[in-house]
There are 4 protein chains.
Amino acid sequence: MIKDKIKTSKPQEKSQRARKSEVTRKRILDASAELFGEQGYFATTLRQIAKRAKIDAGSIYYYFDSKDEILDEVMEIGIRAVADAVKEAVDALPDTTTNREKLEAATKAHLNTLLKFNAYTSANIAIFAQVSSEAQNRNRKLRQDYAAYWHELFDAAQKSGEISPTTDLSLVRLFLLGSINWSMQWYDPKKKSIDELALSFCEMMFDGISGANTEC
Amino acid sequence: MIKDKIKTSKPQEKSQRARKSEVTRKRILDASAELFGEQGYFATTLRQIAKRAKIDAGSIYYYFDSKDEILDEVMEIGIRAVADAVKEAVDALPDTTTNREKLEAATKAHLNTLLKFNAYTSANIAIFAQVSSEAQNRNRKLRQDYAAYWHELFDAAQKSGEISPTTDLSLVRLFLLGSINWSMQWYDPKKKSIDELALSFCEMMFDGISGANTEC
Amino acid sequence: MIKDKIKTSKPQEKSQRARKSEVTRKRILDASAELFGEQGYFATTLRQIAKRAKIDAGSIYYYFDSKDEILDEVMEIGIRAVADAVKEAVDALPDTTTNREKLEAATKAHLNTLLKFNAYTSANIAIFAQVSSEAQNRNRKLRQDYAAYWHELFDAAQKSGEISPTTDLSLVRLFLLGSINWSMQWYDPKKKSIDELALSFCEMMFDGISGANTEC
Amino acid sequence: MIKDKIKTSKPQEKSQRARKSEVTRKRILDASAELFGEQGYFATTLRQIAKRAKIDAGSIYYYFDSKDEILDEVMEIGIRAVADAVKEAVDALPDTTTNREKLEAATKAHLNTLLKFNAYTSANIAIFAQVSSEAQNRNRKLRQDYAAYWHELFDAAQKSGEISPTTDLSLVRLFLLGSINWSMQWYDPKKKSIDELALSFCEMMFDGISGANTEC
DNA sequence: AATGAATGAGCGTTCATTCAT
DNA sequence: TATGAATGAACGCTCATTCAT
């Protein structure tokens, strides 16, 4: 809708109007992401979204064609946000970084985005399973791309010998990301920092918890 | 409601009426558990439940006071079901069984209940995060008991030296159960059996994936 | 919906419930027909219908799946009502009746149904042109049947010599029924009785208004 | 609104502004007339009108105070258009023309305006019965003037003996114009030309369809 | 033990309208 | 001269719930 019009205006000098419009649009999306994450998609009403975005419920339809369209955009932003955060974190590391360290950085970034910084990502992870399969499918490509990026990280670690050659990389990825995503349901910032948690996760995954290890 | 009446009747010779009533009641709960698991709590309507239970929507209120009461009972049954299955599986093991083997058996039992046998458990795990905090609280005690049971298993393993003494047992429990529960979102029975999956999870947790291990 | 259930119940002894249900259903249809005729389809709201039918707006959906379904049923009843009234009127005539007299009787019956007796017929004639083409199509078959019946009447009159052999019967039918239907927009019962009006219409159609006729 | 301003500006040299304004205003009216005719008044939204007129929905309010005001103007233009067309057609006839021929010319002109040339007239005839009685009343005076003009034509024909002295002229006028207006609902240009149709109508009205006529 | 009828609050959505720019 | 943003009332419709039978 409006989005298109804004993008076609000259980039260097956006009118005040266009800027205000963008701000309102973002307020709606922000409110939606928060509420979807807190209550789920179906339990969230457009009137709640409108109230939190400080506009009238009818006005939402100036920016979006339907509640479903909001959902799609929230979910898309959510996946892009983690993916970007993770890639950025990994890219920022020096060349000398080991692959295990890269995976640790990725885990930290994912966990921080999910638990602290990004309501869109929380919403995506929280509600994906409960929305219609159509809505899921619209988000699937981005999720697969993100999974593929993690696979590369794991693959590099295996190739360099940091992960045992017999390890099923797909399974271990699902194992790690499952744990991470599930932490949404129990994480309490008062008890442990997010970065510590991420490192603990990686340590468990890499070294295991077996008491026999120490016998080496 | 009816539930109470049934319990006060003599246990050995239930009238046919009472038995039929129980059957209908169970049909409603079964239908609810299935639908909650498939679609979520809010997306499921009482009419859908009634249809699947083959009764009239109004009749549900003969057995339950509200949709929320159905939710509570489904969730309770769900947690009890996994807890029972896990305990039974562990209890059935011979005395010579190692603690690691007990944890493996527990994992298999949890995973089988969740992914194959019990719609109530699937529903519980799938919808817990999306229902009201009141409903969550009503289920919390049972969940804590179940967590405590797992903790015992981990604790015994640590005491026996099978788990390193520095391991944070609470964290590792959340790590393992998070992975397991999350598998609901991606598990495909055509690719791997549930028991194999359970063993893979335990192996990763105990032994880790590090390539350095092999250097011992 | 409900309609089906009622029909499957034993015809000889309808329960009080079923009868009450039928009454409510009819109240909704009656109210709809009246309002559609008075205000048009789009200007009529379900809340107005509910108010006139003395039920709650939501209750309408116990009997009908949508506003459109009400429309369909109102339109169907409307056409059937005129068709039945016209056929009955013609059938009631003795064998000695001329074809012109039959056409006069048909005209009277149509006009009375439209202007006096049947809100459904008024609604049908008034709103047909303004509803969606889908709704029109659903009503089309019945309208064609009704038109065919009129055609038979005209055809018989032409065959018997009461109508000139060169007359285009389709056109004259449209001419007559157009005039009749249009009378909805101007007819005032205080000025002329419906039966008189019908006869005037037929006289004009048969004999024309030309002053030259009298010269015969 | 703007209309007034335009009229007060000097007629011979309208500013370009004023002219552009008039053009836009006409675009809105044209779009409205078309849509009202196609879909009815209530089914037509201001956004549809705006889209067809290639302006923004809000801009309509620069030219009109309300949707109802557009309706009034469309309806007024519609009646004036037929009235003018009919009068022009009759005035163009030579002095030797018979009154019947004048009525035929009037019928042709009305029918052509309605079915071919003028969206405003189509809209007026199509939607008059469905708009509020207030809106109808605002259009009534013009309609009565137009009816009076037809009455004059009929009256002259009766006075000259071309119409039988016993004919109820008001009724015959309603009869003819009803048929004509109703033809909107069934006329198909592929089957018969408008002029032929008009002549057929007049022939039926004047000469009747009776087979007995030929016996003269 | 169960149903059919009905309710009423609230849902997602639409639409005529307003107004600052 | 015209627009983009926003409003708020009302729309068709859904749903958990009630209740007489």
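The analysis underlying the following values was restricted to heavy atoms, covering all of them including side chains, and did not include hydrogens, waters or symmetry mates. All chains are named by letter (A, B, ...) in the order of the sequence lines, taking the proteins before the strands, and each is independently numbered beginning at 1.
- Rounded to an integer number of Å, the gap from A:Ile55 CD1 to F:dA9 C1' is 16 Å.
- Side chains of D:Asp56 and D:Tyr62: a donor-acceptor N/O pair is absent below 3.5 angstrom, by distance only.
- For the pair B:Lys51 NZ and E:dT3 P, the interatomic distance rounds to 15 Å; values are reported in whole Å.
- Put simply, CD1 on D:Ile60 is 13 Å from P on F:dG4, counting in whole angstrom units.
- For F:dG8, the paired nucleotide is E:dC15, the pair qualifying as Watson-Crick or G-U wobble because both relevant distances are below 3.5 Å.
- Between F:dA5 and A:Ser21, a contact under 4.0 Å exists linking OP1 or OP2 to a side-chain N or O.
- Side-chain N/O atoms of C:Asn139 and C:Asn124 include a donor and acceptor closer than 3.5 Å.
- Checking E:dA20 for Watson-Crick or G-U wobble geometry (two distances, each under 3.5 Å) identifies F:dT3 as its partner.
- Where C:Thr24 and A:Tyr41 each meet DNA chain E at their nearest nucleotide, the meeting point lying more 5' is that of C:Thr24.
- Relative to the side chain of A:Leu46, the nucleotides F:dC13, E:dG12, F:dA16 differ in distance, and E:dG12 lies closest.
- For A:Arg138 and A:Glu69, the salt-bridge test fails: no basic side-chain N is under 4.0 Å from an acidic carboxylate O.
- Toward the 5' end of DNA chain E, the nearer of the two residues B:Arg27 and C:Ser59, judged by each one's closest nucleotide, is B:Arg27.
- Residue C:Arg47 places its side chain closer to F:dG12 than to any other of F:dA10, F:dG12, E:dA1.
- Rounding to whole angstrom units, CG of residue D:Leu35 and P of E:dC15 are separated by 13 Å.
- When each of E:dT3, F:dG12, F:dA16 is scored by its nearest atom to the side-chain atoms of C:Thr45, the top-ranked nucleotide is F:dG12.
- The C:Lys20 side chain lies nearest to E:dA5 when the options are E:dT17, E:dT7, E:dA5.
- With the nearest nucleotide of DNA chain F identified for both B:Lys67 and C:Gln48, C:Gln48 has the one nearer the 5' end.
- Distance CD (C:Glu69) to P (F:dC13): 10 Å, rounded to an integer number of Å.
- Take the nearest nucleotide of DNA chain F for C:Gly58 and for D:Gly58: the residue whose nucleotide is more 5' is D:Gly58.
- Listed here is the closest heavy atom pair of D:Thr24 and D:Ile55: CG2-CG2, 4.0 Å.
- For C:Asp56, whose side chain is taken as the heavy atoms from C-beta onward, the closest listed nucleotide among E:dA5, E:dT3, E:dG8 is E:dG8.
- Residue A:Tyr62 has its side chain nearest to F:dA5 when only F:dT3, E:dG12, F:dA5 are considered.
- In this entry the distance linking CD of C:Glu22 with P of E:dG4 reads 15 Å, nearest Å.
- Rounded to whole angstrom, the span from the CD1 atom of C:Ile28 across to the P atom of E:dA5 amounts to 11 Å.
- The CZ atom of D:Phe42 sits 12 Å away from the C1' atom of E:dA16 (whole-angstrom rounding).
- Here the nucleotide nearest the side chain of C:Tyr61, chosen from E:dT13, F:dT17, F:dT14, is F:dT14.
- Using a 4.0 Å cut-off between a side-chain N of Lys or Arg and a carboxylate O of Asp or Glu, A:Glu38 and A:Arg52 qualify as a salt bridge.
- Scanning both residues, A:Arg47 and A:Ala57, for their nearest heavy atoms gives CG-CB, 4.0 Å.
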